[in-house]
Amino acid sequence: MFAGLTRNTFLLALASFFSDISTEMLYPVLPVFLTGTLKADGAVVGLIEGVAGATQNIVPGFAGPLSDRLKRRKGIALVGFALSAVSKPLIGLSTAWTGVLGARFLDRFGAGTRGAPRDALVAASAAPEHRGKAFGLEGFGDNAGAFVGPLIAVALLAAWRVNLRWIFYAAIIPGFLAFLMVLLVGERKSEPSDKANFASALRRFPRRYRGYLIATAIFGLGNSSNAFLILDLKGLGVSLTETILVYAAFNLVAALVSYPAGALSDRLGRRAIIFMAFAVFFVAYAGFAVTRSAVVAASLFVLYGLFQGPYRMAGKAFAADLSPEDQRASGVGWFGASAGVSGLVASGVAGLLWDHAGHPAVFYFGAALAIAGVLAMAWLTPERTANAAVSPD
């Protein structure tokens, strides 16, 4: 079942597990903290989550080439894990939404810094024919942490009745454990290179890879922050505890399908898995647009995990497949940057639609862009690039 995977693969999966416990302890309560405790409105939630998501995904566009140039994946990843860990308590200390904005920026800057070098380590931890499984296991760790994190938050809130701010303070503990896991990862030392810079990398990446980035960006324009799904549940009368449990179930589904989807992508190709993920996204967003039933919306949120797990895995694995080996961190990083720029626009637009056009408009917009993303992917990434471990030539 785990044939072809190495000690590094499992350590990196554990790092993702602990880091996502740290992040997801606070993520489902953050919109409530902003709108309830700090009295922010929907546009502010969209701004903060848009900046956070964009930062996380744009920074790899620079951290990836830096990692390729220095040939140091582990050290740069460690810096990112450390920044994310120490940022969590700063959110709890905030007395205005601007403080949350700054802390979330630092948190996601750390996440963006670690993302590309960590993913390059994941890609290097297994042979190309097992790369989907390696990313699938890392995705399982990430989404399993996203399942456990909200449960810890529920326990702290419901069982121990701690103040909401203590959720943010406690999140530093799993963040430190994630840092420790990466510290144990082995890395072959190589001499720094002067070839892995921004300009040369753009010239060396194949046309199919650039088309993939464009298709990713088109889809990403409708992929707004999950905070709006959470707020919609709250608006339908779902309690905070129930909302967190639904969010935990969503992440459990994403975790359970990540590894099987990775193994399947090694056989069927990444593009087929991405198309399936886009179809699930469309169904979930279209459903959120039309339903006013709390039960249906909660079910759609859980179903949405069938998008989250496979797309996260296949998206990064496909970017790694299409990247030159010595620029793999850049390739995965720019995939994240493409998603990040479009994510900033998506969350900003969603915030405005939420406040001025009604909640369903957010989800109609996302569903329409999912269709556009499928068409762009079909056109810009020819069928022959769907095989795993393809040559970037």
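Below, all heavy atoms of this structure are taken into account, side chains as well, without hydrogens, waters or symmetry copies.
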When you look at Arg208 and Thr381, which way does the side-chain hydrogen bond (donor to acceptor under 3.5 Å, both in side chains) test go after all the steps?
-> CA-CA 6 Å; Arg208 288 169 291 177; Thr381 61; over 6 Å; no
Full working for salt bridge (charged side-chain N to carboxylate O under 4.0 Å, His left out) between Arg270 and Asp266 | CA-CA 7 Å; Arg270 320 293 186 213; Asp266 287 332; 2.9 Å; yes
Could you walk me through whether Ile371 and Val374 pass the side-chain contact (heavy atoms from CB on, under 4.5 Å) test, one step at a time?
-> CA-CA 5 Å; Ile371 296 174; Val374 168; 5.8 Å; no
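Under the 6.0 Å cut-off for aromatic ring centres, Phe278 and Phe275 do not qualify, their centroids lying 6.0 Å or more apart. In summary, the aromatic rings of Tyr259 and Phe140 are positioned with their centroids too far apart to meet the 6.0 Å limit. Taking the six-membered ring for Trp, Phe281 and Tyr285 have ring centres closer than 6.0 Å. Two rings, from Phe307 and Tyr304, have their centers less than 6.0 Å apart.
A pairwise comparison of heavy atoms in Ala297 and Leu236 identifies CB-CD1, 3.6 Å as the closest pair. For the residue pair Trp97 and Ile48, the shortest heavy atom distance occurs at O-CD1, 3.8 Å. Scanning all heavy atoms of the two residues, the minimum distance from Val253 to Gly305 falls at CG1-C, 3.9 Å. Here the closest non-hydrogen pair linking Val238 and Lys234 is O-CD, 3.5 Å. Taking each heavy atom of Phe81 and Ala178 in turn, the nearest pair found is CD2-CB, 3.8 Å. The two residues Gly315 and Tyr212 come nearest to each other via the heavy atoms O-OH, 2.8 Å.
Ser67 and Arg328 share no donor-acceptor pair across their side chains, judged by distance under 3.5 Å alone. Of the N and O atoms on the side chains of Thr6 and Thr9, at least one donor lies less than 3.5 Å from an acceptor on the other residue.
Annotation: side chain of Phe2 is not in contact with side chain of Lys133 (no heavy-atom distance under 4.5 Å). Between Arg108 and Thr113, every side-chain heavy-atom pair lies at or beyond the 4.5 Å cut-off. Side-chain contact between Arg104 and Val51: absent, with no pair of heavy atoms (C-beta onward) separated by less than 4.5 Å. Contact of the Ser342 side chain with the Ile218 side chain is not registered, since no non-hydrogen atoms from C-beta on lie closer than 4.5 Å. A heavy-atom distance below 4.5 Å is not found between the side chains of Met313 and Glu138.
Side chain of Ser19 to backbone of Ser16: a donor-acceptor contact under 3.5 angstrom is found. Of the possible polar contacts, one joining the Asn8 side chain to the Gly186 backbone as a donor-acceptor pair under 3.5 Å is found. Counting only distance, with no hydrogens or angles, the side chain of Thr291 and the backbone of Gly287 share no donor-acceptor pair below 3.5 Å. Between the side chain of Ser347 and the backbone N or O of Ser225 there is at least one donor-acceptor pair closer than 3.5 Å. The main-chain N or O of Val122 is found under 3.5 Å from a side-chain atom of Ser125 such that the two form a donor-acceptor pair. Not one N or O on the side chain of Asp119 forms a donor-acceptor pair closer than 3.5 Å with the backbone of Val332. Looking at Gln327, its side chain never comes within 3.5 Å of a backbone N or O of Pro324 through a donor-acceptor pair. Looking at Glu187, its side chain does come within 3.5 Å of a backbone N or O of Lys74 through a donor-acceptor pair. Between the side chain of Ser84 and the main chain of Asp107, a donor-acceptor pair closer than 3.5 Å is present. Remark: side-chain polar atoms of Ser338 are not paired, donor with acceptor, to backbone N or O of Trp334 under 3.5 angstrom.
Neither Ile173 nor Leu14 shares a network with the other; the hydrophobic side chains, linked directly or stepwise wherever heavy atoms of I, L, V, M, F, W or Y lie under 4.5 Å apart, form separate groups for each. Side-chain heavy atoms closer than 4.5 Å link hydrophobic residues (I, L, V, M, F, W, Y) into clusters, and following such links, possibly through other members, connects Tyr169 to Ile244. A continuous path of ILVMFWY side-chain contacts below 4.5 Å connects Val79 to Leu121, so both sit in one hydrophobic cluster. Phe176 and Leu26 are members of different hydrophobic clusters when ILVMFWY side chains are connected at heavy-atom separations under 4.5 Å. When the side chains of ILVMFWY residues are joined at heavy-atom separations under 4.5 Å, either directly or via intervening members, Leu101 and Val32 end up in a single hydrophobic cluster.
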Distance-only donor-acceptor hits, side chain of residues 146-167, under 3.5 Å, sequence neighbours excluded:
residue: Asn163; atom: OD1; partner: Arg165; partner atom: N; Å: 2.9
residue: Arg165; atom: NH1; partner: Gly92; partner atom: O; Å: 2.6
residue: Arg165; atom: NH1; partner: Ser94; partner atom: O; Å: 2.6
residue: Arg165; atom: NH2; partner: Ser94; partner atom: O; Å: 3.4

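Expressed to the nearest 0.5 Å, how far OG of Ser239 lies from CG of Leu245 amounts to 8.0 Å. Here the CG atom belonging to Leu256 is positioned 10.0 Å from the CG atom belonging to Leu306, to the nearest 0.5 angstrom. Separating the CG atom in Asp142 from the CG atom in Leu12 is a distance of 12.0 Å, to the nearest 0.5 Å. Rounded to the nearest 0.5 angstrom, Leu93 CG and Lys88 NZ are separated by 14.0 Å.
Using the six-membered ring where Trp is involved, His359 and Trp354 have ring planes that are parallel, under 30° apart on the 30 and 60° scheme. Using bins of under 30°, 30° to 60° and over 60° for the plane-to-plane angle, the ring pair Phe168/Phe33 lands in the tilted bin. Ring pair Phe219/Tyr311 is perpendicular by interplanar angle, where above 60° counts as perpendicular and below 30° as parallel.
Within 6.0 Å of OH on Tyr209 lie more than 12 heavy atoms contributed by other residues, nucleotides or ligands.
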